[in-house]
Amino acid sequence: MSAVEIIIPVQDYHLAATLDSGQAFRWQRRNTAWTGVIHRHWVRLEAVDAGLRATTADPVPDWRWLTDYLQTGVDLTAVIKAFPEDAPLQQAVAACRGLRLLRQEPWECLASFMLSSTKQIVQIRQIIALLCERHGTAVPVPDGEPPAFAFPTPEQIAGLGEAQLRACKMGFRAPNLLDAARRIAEGGLDLERWRTRSHAEARAELMQLRGVGGKIADCVLLFAGGFNAAFPVDVWIKKALQELYFPRRRASDKRLQHFAATHFGPQGGYAQQYLFHYRRTMK
DNA sequence: CTCCAGGCGCCTT
DNA sequence: AAGGCGCATGGA
């Protein structure tokens with residue numbers, strides 16, 4: 001099978017930071033290139049002077065599935081201009097300039113973050129890899145590439161037993177994932193519909209799922225829904241906010257939540273991603 | 001060995 | 001309202 005490639009013209013795009021900053025869990029680095037699966041497309045990405053070089057397994061008539069995912073049309077300068085001008089944030093931006101938010105598929109994003117609670121990122125990646133290998137549909141890959149799989153659909157997961165999910169090492173998260181898959185497969189929740197709703201409505205709807213609280217809902221709103229004000233507060237962000245913004249006195253979780261929701265403005269989710277990556281990689 | 005991980009739900013004060 | 005605890009599993 002012959003590969004096809006294009007160059008996506010874009011500047012100020014830090015591919016490695018973007019694909020390895022804990023927002024997506026399936027990208028694999030090989031030297032300077034990254035391989036992954038988006039929808040049902042295997043793709044290899046590499047940063048070049050003119051932008052990003054993308055290689056696929058099959059000819060592609062329309063590349064929007066990729067440019068939407070990578071958000072190459074976003075004006076990063078305008079995003080960063082909307083940040084509050086405080087020293088910690090400027091420092092985080094300087095440390096990983098070009099970090100972007102992806103626009104992921106809602107179901108893969110929701111399922112991935114349902115599997116993320118009290119897990120290290122390496123373990124989340126392992127669980128998701130097992131789930132895809134065992135229960136996802138194989139996708140075409142170029143000659144010589146290892147097999148690759150689409151993320152299992154809600155229907156595919158809804159057809160499994162809890163034991164098959166537990167065999168993918170997800171532990172107590174298995175029944176929650178199964179419930180969510182069934183609700184979606186049966187039409188009880190439409191992940192495309194909440195994307196057209198208000199931030200608060202969409203958040204409330206996601207949180208009706210067992211195993212989805214505020215943090216996971218915020219991740220899905222931000223990484224798949226395009227609600228850029230969503231600000232997921234996890235253990236890393238708590239550490240970052242405590243150390244960078246409240247160095248003298250200990251701030252309660254309540255205080256940190258309130259600060260996160262009010263200080264960072266309409267692009268707070270982007271700010272969060274810079275602080276998260278900064279805290280996770282620089283210290 | 002112990003501690004904790006991109007949390008959540010439920011139980012006590 | 002705020003804090004404590006168990007939950008599966010496996011790095012560190």
Side-chain angles (χ1 to χ4, degrees), chain A residues 17-27 92 96 99-102 104 106 108-131 134 151 160-181 183 189 203-225 227-244 249-261 264 268-283:
Chain A
T18 299
L19 299 182
D20 195 27
S21 58
Q23 50 179 326
F25 302 99
R26 299 226 285 146
W27 291 98
C96 41
L99 170 61
R100 308 283 185 132
L101 288 177
L102 300 168
Q104 300 182 52
E108 176 171 348
C109 185
L110 170 63
S112 296
F113 281 95
M114 288 186 74
L115 298 175
S116 74
S117 63
T118 56
K119 279 291 176 192
Q120 299 179 142
I121 288 178
V122 286
Q123 294 176 310
I124 301 167
R125 296 173 58 91
Q126 183 196 5
I127 294 166
I128 292 172
L130 277 173
L131 189 63
R134 294 182 180 180
F151 194 88
L160 301 174
E162 186 179 317
Q164 289 172 286
L165 293 177
R166 285 184 182 267
C168 297
K169 316 288 188 184
M170 65 183 71
F172 63 86
R173 303 158 195 81
N176 293 339
L177 184 66
L178 193 50
D179 281 351
R183 292 239 337 240
L189 175 64
R203 191 170 194 264
E205 194 162 11
L206 288 168
M207 288 178 67
Q208 287 177 2
L209 293 169
R210 184 163 190 85
V212 178
K215 189 270 172 183
I216 292 174
D218 286 341
C219 285
V220 180
L221 293 171
L222 181 62
F223 300 139
F227 292 97
N228 281 21
F231 194 112
V233 177
D234 73 324
V235 291
W236 289 98
I237 285 293
K238 284 179 190 171
K239 287 178 197 168
L241 295 180
Q242 174 69 61
E243 293 167 9
L244 296 170
R249 65 185 193 282
R250 146 116 183 115
S252 67
D253 278 11
K254 169 94 174 167
R255 179 95 177 93
L256 292 177
Q257 290 278 0
H258 181 259
F259 183 76
F264 295 96
Y270 252 98
Q272 174 275 157
Q273 198 63 20
Y274 275 92
L275 291 171
F276 178 84
H277 192 64
Y278 178 64
R279 180 60 178 78
R280 203 166 72 84
T281 58
M282 304 300 164
K283 296 198 172 185

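Only heavy atoms go into these numbers, but all of them, side chains included; no hydrogens, no water, no symmetry mates.
dC3(B) atom P lies 18 Å from atom NZ of K119(A), rounded to whole Å. In this structure, the CG atom of L130(A) is 19 Å from the P atom of dA8(C), given to the nearest Å. Atoms CD (Q126(A)) and P (dA12(C)) sit 12 Å apart, rounded to a whole Å. Per the geometry, CE belonging to M170(A) stands 17 Å off C1' belonging to dC8(B), to the nearest Å. For the pair I121(A) CD1 and dT9(C) P, the computed distance is 21 Å after rounding to whole Å. Nucleotide dT9(C) holds its P atom 10 Å from the CZ atom of F172(A), rounded to whole Å. In this entry the distance linking CE of M114(A) with P of dA8(C) reads 15 Å, nearest Å. dG3(C) atom C1' lies 10 Å from atom CG of D253(A), rounded to whole Å.
For the pair D218(A)/Q272(A), no side-chain contact is recorded, criterion being any heavy-atom separation below 4.5 Å from C-beta on. By the 4.5 Å heavy-atom criterion applied to side chains, V212(A) and F113(A) are not counted as neighbours.
Atom OG of S117(A) is separated from atom CZ of F172(A) by 4.5 Å, given to the nearest 0.5 angstrom.
Of the listed nucleotides (dG6(B), dG10(C), dG7(B)), dG10(C) has the atom at the smallest distance from the side chain of Q123(A). Out of dA5(B), dG7(B), dA2(C), the shortest distance to the side chain of K254(A) is found at dA2(C).
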For this session: Check step by step if side-chain hydrogen bond (donor to acceptor under 3.5 Å, both in side chains) holds for R173(A) and T118(A).
Result: CA-CA 10 Å; R173(A) 303 158 195 81; T118(A) 56; 3.3 Å; yes
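Both V122(A) and S117(A) lie close to DNA chain C; mapped to their nearest nucleotides by heavy-atom distance, the more 5′-ward contact belongs to S117(A). In terms of position along DNA chain B, the nucleotide closest to R173(A) lies nearer the 5' end than the nucleotide closest to the other residue of the pair R210(A) and R173(A). For the pair P232(A) and V212(A), both in contact range of DNA chain B, the more 5′-proximal nearest nucleotide belongs to P232(A).
Within the nucleic acid shown, I127(A) has no heavy atom closer than 4.0 Å to any nucleic acid atom. Here L209(A) lies in heavy-atom contact (under 4.0 Å) with sugar-phosphate atoms only. Within the nucleic acid shown, Q272(A) comes within 4.0 Å of at least one base atom, counting heavy atoms only. S112(A) comes within 4.0 angstrom of nothing in the nucleic acid, heavy atoms only. Counting any heavy atom pair closer than 4.0 Å across all strands shown, K239(A) reaches sugar-phosphate atoms only and no base atom. Across all strands shown, S116(A) has heavy atoms under 4.0 Å from sugar-phosphate atoms exclusively, and none from any base. Residue G213(A) is classed as a sugar-phosphate contact, given heavy-atom separations below 4.0 Å to backbone atoms only.
Comparing the same atom, P, in dG6(B) and in dC5(C) gives a spacing of 22 Å after rounding to whole Å.
Residues that satisfy the side-chain hydrogen bond (donor to acceptor under 3.5 Å, both in side chains) test with R26(A), not counting sequence neighbours, are E108(A).
Applying the 4.0 Å criterion to OP1 and OP2 of dG11(C), one finds that K169(A) has every side-chain N and O outside that range.
Aromatic stacking is not marked for F113(A) over dG6(B), as the cut-offs of 5.5 Å for the centres and 30° for the planes do not both hold.
Of the possible donor and acceptor atoms, none in the side chain of R279(A) sits under 3.5 Å from a partner among the backbone N and O of E243(A).
Nucleotide dC5(C) forms a pair with dG9(B), judged by Watson-Crick or G-U wobble geometry with both contacts under 3.5 Å.
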